[in-house]
Asker: 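Pasting a structure here, questions to come.
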Amino acid sequence: MANKSFDLIVVGGGVLGVFHAYHALKKGLKVLLTEKDIRPQSATVRNFGQVVPSGMAGRWFHYGVRTLEVYQEIHQEFDITLRKNGSIYLASDPDEQQLLHEAKQIFDTRGYACELWSGQQCLQRWPVLKPSYIVEGLYFPDEVSVDPDMMIHRVIAFMQEKFPDFVYKSTCAALHVETGSNKASLTTSHGHTYAAKKIIVCNGSEFRILFPDLFNDSNLIVSKLQMMRTVPMPAISLPGNILTGLSIRRYESFVECPSFTSLETPAHYAELKKWGIHILFKQAVDGSIIIGDSHEYEPAGSWENLGFHVQQHINQLVLEEAQRIVNFDIGNISTSWAGYYSQHPREIFTRNFDNTIYIFTGIGGKGMTSSAGFAEENINALFG
């Protein structure tokens, strides 16, 4: 097949790849996006759908704030399941409460809207929470949630509708890329070859097809997360992103707080910490509630050792701690699953080959919150 030429080819239809394509299209560029599966089905659709710059630190916080703006700009034109119900972090003991107060000072300095809420205020907004758990809360009114199993598909549909120079090919694995003469080429599993000024590879946790030796020596690791969804519970109202004491003890934004270095782990958290468990709740449009999650790790070259099964004893630990926080029965689980994302000790893994082929992967748990802002900065740097 004769070469078809683009300004940019993006490999990978997850949130990181899609928003590189989106920002390039906004510049009037011709863009091809390829996705190896029939539709994106990895980390981007296997998470909570919580968009929480409040959990990010450093540049990722600023990317997250910009991502909120990008999501809202798109949602004004096309429904991408965005709901602006805010985020709440619930402190369950004095140590977590102290971190909330210190984080409040940091966010006030940044000019990022947040409010300290008493336990009673939290219960007025979310009466399904247990008074015995909540000491205080830190509320972020501008944060949003999306339905992860629908959001990225709708963004792609929006791009197909809005941009005539956008080509999207699914079930189309990228088998080979190469550089030459100030351009790059991509050969796909369909047997087609495409040329572009630049190629961006956002391969998520797919390390076997492109650059396998590079990824084996990259220090990338893969995290396996376990999550559950209840049956629809329309009588329960749990709006927004609900984050808890274990989240306060885990998220990067709280690591920046002065008291974090002296934080001790209570005895009842020891087994939960062993499995990287922190408790999040997010209610979907149908009334079901997503609950999780846990974290297990393996190097990129052997990540399949994590297995594709769900460990019931981990789910049980999650449910027991979650039941300590809410006053309704969460035992009626309709489904559970494992999600996988890659991450890197240096926040994200990047490579540049001849200023024509670029790799961006290993964004970790920051993808849904920060990808759109990060991708915009990259596209501006690459295309001016």
Side-chain angles (χ1 to χ4, degrees), residues 47-48 50-58 60-61 64 86-107 112 114-119 122 126 129-140 143 221 223-228 240-282 290-297 314-326 339 341 343 345 347 364-366 368-370:
N47 63 82
F48 282 87
Q50 296 185 345
V51 186
V52 286
S54 56
M56 304 292 108
W60 299 99
F61 166 76
S87 303
I88 188 78
Y89 292 79
L90 301 171
S92 66
D93 63 31
D95 287 342
E96 294 161 7
Q97 184 181 26
Q98 177 64 26
L99 290 175
L100 290 191
H101 282 254
E102 293 173 3
K104 172 73 162 62
Q105 293 180 337
I106 293 172
F107 286 114
Y112 190 62
C114 61
E115 305 162 7
L116 283 167
W117 283 15
S118 67
C122 294
W126 295 281
L129 299 174
K130 284 185 176 176
S132 58
Y133 182 86
I134 304 166
V135 176
E136 198 170 14
L138 185 59
Y139 179 62
F140 294 85
E143 296 191 339
I221 61 173
S223 177
K224 175 184 178 181
L225 300 80
Q226 290 189 193
M227 288 160 276
M228 293 165 277
N241 305 312
I242 313 298
L243 305 100
T244 65
L246 284 163
S247 307
I248 296 168
R249 293 170 175 271
R250 181 179 181 89
Y251 275 15
E252 290 90 339
S253 58
F254 297 98
V255 175
E256 296 182 314
C257 295
S259 296
F260 191 86
T261 55
S262 59
L263 191 65
E264 296 183 357
T265 301
H268 66 279
Y269 280 161
E271 182 70 7
L272 300 175
K273 188 174 181 179
K274 173 183 174 182
W275 297 103
I277 290 171
H278 71 126
I279 305 300
L280 307 172
F281 301 89
K282 211 290 293 287
I290 303 175
I291 304 169
D293 56 5
S294 59
H295 297 77
E296 301 171 77
Y297 302 98
I314 293 179
N315 280 357
Q316 191 59 40
L317 288 170
V318 170
L319 290 174
E320 287 173 1
E321 179 65 12
Q323 196 64 79
R324 203 167 71 87
I325 301 168
V326 296
Y341 63 65
Q343 62 187 70
E347 300 179 342
K366 306 180 289 293
M368 189 63 80
T369 293
S370 297

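Residue numbers run from 1 in the order of the sequence given. Here the structure is a predicted model, which means the values were calculated and not measured. Hydrogens, waters and symmetry mates play no part in the numbers below; they use all other heavy atoms, side chains included.
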Asker: Taking all heavy atoms of G245 and all of Y133, pick out the closest pair and write down the distance.
Answerer: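 What the structure gives for the nearest pair is N-OH, 2.9 Å.
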Asker: Indicate the atoms forming the closest heavy-atom contact of Q50 with T369, along with that distance.
Answerer: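 Minimum heavy-atom separation between Q50 and T369: O-OG1, 3.4 Å.
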Asker: For a quick test of reading the model, state the closest non-hydrogen atom pair linking G339 to M227 and the distance between them.
Answerer: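 The answer is N-CE, 4.2 Å.
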Asker: As a test of understanding, state which of L317, V318, D293 forms a side chain to side chain contact (heavy atoms under 4.5 Å, CB included) with W275.
Answerer: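 That would be L317; it is the only one of L317, V318, D293 passing the side chain to side chain contact (heavy atoms under 4.5 Å, CB included) with W275.
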Asker: Check the orientation of W117 and W126. Use parallel for under 30°, tilted for 30 to 60°, and perpendicular for over 60°.
Answerer: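 If you compare the ring of W117 with that of W126, the planes turn out tilted.
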Asker: Any idea which heavy atoms bring Q226 and S294 closest together, and the distance?
Answerer: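 Nearest pair, atom of Q226 first, then S294: N-OG, 3.2 Å.
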Asker: Quick one, E96 with V135, criterion side chain to side chain contact (heavy atoms under 4.5 Å, CB included). Give me CA distance, side-chain angles, the key distance, then yes/no.
Answerer: CA-CA 9 Å; E96 294 161 7; V135 176; over 6 Å; no
Asker: Below 4.5 Å, heavy atoms only, C-beta onward: do H268 and R324 meet side chain to side chain?
Answerer: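 They are in contact (side-chain heavy atoms under 4.5 Å apart), so the answer is yes.
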Asker: Of all heavy-atom pairs between F254 and A103, which one has the smallest distance, and what is that distance?
Answerer: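 Smallest heavy-atom distance, with atoms named: CE2-CB, 3.6 Å.
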Asker: From I248 CD1 over to S92 OG, what is the distance, rounded to the nearest 0.5 angstrom?
Answerer: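 Interatomic distance, I248 CD1 to S92 OG, rounded to 0.5 Å: 7.0 Å.
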Asker: Has the side chain of E143 got a donor or acceptor atom that lies under 3.5 Å from a matching backbone atom of S54?
Answerer: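 Judged by distance alone, yes, a pair lies under 3.5 Å.
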Asker: Take F48 and M368, measure what side chain to side chain contact (heavy atoms under 4.5 Å, CB included) needs, and give me the verdict at the end.
Answerer: CA-CA 9 Å; F48 282 87; M368 189 63 80; over 6 Å; no
Asker: Atom CD1 of I314 and atom CG of L319: how far apart are they, to the nearest 0.5 Å?
Answerer: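 Answer for the CD1-CG pair, I314 versus L319, is 12.0 Å.
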Asker: How long is the span from the OG atom in S247 to the CG atom in L90, to the nearest 0.5 Å?
Answerer: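 If I round to the nearest 0.5 Å, the distance is 9.0 Å.
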Asker: Tell me which one of I325, I88, V326 satisfies side chain to side chain contact (heavy atoms under 4.5 Å, CB included) with T244.
Answerer: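 Among the candidates, only I325 passes.
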Asker: Using side-chain heavy atoms (C-beta onward) and a distance below 4.5 Å, is Y341 in contact with H295?
Answerer: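 Answer yes - side chains close enough.
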Asker: When rounded to the nearest 0.5 angstrom, what is the spacing between CD in E296 and CD1 in I221?
Answerer: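 Here the rounded value is 12.5 Å.
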Asker: Nearest 0.5 angstrom please: E321 CD to I279 CD1, how far?
Answerer: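 Taking CD in E321 and CD1 in I279, the distance rounds to 5.5 Å.
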Asker: Examine distances only and state if a side-chain atom of K366 and a backbone atom of E347 form a donor-acceptor pair shorter than 3.5 Å.
Answerer: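 Indeed, once roles are kept as given, a pair shorter than 3.5 Å links the two residues.
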Asker: Can you name the side-chain contact (heavy atoms from CB on, under 4.5 Å) partners of P258, sequence neighbours left out?
Answerer: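 Here the qualifying residues are E102.
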Asker: Quiz question: by atom type and distance under 3.5 Å, do the side chains of W60 and E252 form a donor-acceptor pair?
Answerer: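 Absent: no donor and acceptor within the cut-off.
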Asker: Going by atom types alone, do Y89 and S253 pair a side-chain donor with an acceptor below 3.5 Å?
Answerer: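 No.
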Asker: To the closest 0.5 Å, what do you measure between NZ (K273) and NE2 (H278)?
Answerer: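 The NZ atom of K273 sits 13.5 Å away from the NE2 atom of H278.
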Asker: Grab the two heavy atoms, one from Y139 and one from S87, that are nearest each other, plus how far apart they are.
Answerer: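 For Y139 versus S87, the nearest heavy atoms are CD1-O, 3.1 Å.
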Asker: Quick check: do R249 and L263 have side-chain heavy atoms less than 4.5 Å from each other?
Answerer: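 Sidechains of L263 and R249: in contact.
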Asker: According to the interplanar angle, ranging from 0 to 90°, do the rings of F107 and Y112 count as parallel (below 30°), tilted (30 to 60°) or perpendicular (above 60°)?
Answerer: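 Rings of F107 and Y112: tilted, as their planes differ by 30° to 60°.
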Asker: Would you say N241 and L280 make side-chain contact, with heavy atoms under 4.5 Å?
Answerer: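 Not touching, per the 4.5 Å side-chain cut-off.
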